[in-house]
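Ligands are counted one by one from 1 in listed order, and the atoms in each one are counted from 1 as well. Since we're looking at a predicted model, the values are computed, not measured.
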Amino acid sequence: MADPKYAEPIREIPQAEDVGELSDGTKIRRRAPRMRACSLKNEKGKLCAGHLKRWYFYPPEVAQRFGADAELYRCERCLTIYLPNTDEPPRSGTLSY
Ligand SMILES: [Zn+2]
């Protein structure tokens with residue numbers, strides 16, 4: 001099946017889905033499955049690739065929109081907000097009482 005001409009390594013970047021933005025222009029996106037780094041490109045087409053960190057202390061506007069205890073992530077570089085991917089199974093090993 002594979003054509004040698006196209007046998008280059010596939011570096012597939014998971015694509016996040018744009019969800020909207022906050023009133024201050026902060027972008028909100030939904031993570032692709034197993035996505036760990038920001039896939040946003042800047043004006044020059046360069047990939048941000050900042051790490052997505054769990055975001056706990058978000059402003060009231062965000063809490064109103066997604067709930068006060070929403071699972072949110074934020075890119076450490078461009079500060080884009082990422083929602084968890086719904087296809088992703090809940091992280092195992094998390095204690096729930
Ligand atoms: Zn970013």
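- Contact check on Lys53 versus Glu76 returns a salt bridge, with a Lys/Arg side-chain nitrogen under 4.0 Å from an Asp/Glu carboxylate oxygen.
- Hydrophobic clustering (ILVMFWY, side-chain heavy atoms < 4.5 Å, transitive): Val19 and Leu72 are in one cluster.
- Around the Zn ion (ligand 1), the protein N, O or S atoms closer than 2.8 Å are Cys38 SG, Cys48 SG, Cys75 SG, Cys78 SG, listed by chain and residue number.
- Here salt bridge (Lys or Arg N to Asp or Glu O under 4.0 Å) pairs that include residues 43-52, with residues two or more places apart or in two chains, number zero.
- For the side chain to side chain donor-acceptor pair (under 3.5 Å) test, residues two or more places apart in sequence or in another chain that qualify with Glu61 are Ser23.
- Phe66 is linked by a ring-ring contact (aromatic ring centres under 6.0 Å, His included) to nothing, counting only residues two or more places apart in sequence or in another chain.
- Both the sub-6.0 Å distance and the 45° axial angle are not jointly satisfied by Arg30 relative to the ring of Tyr82.
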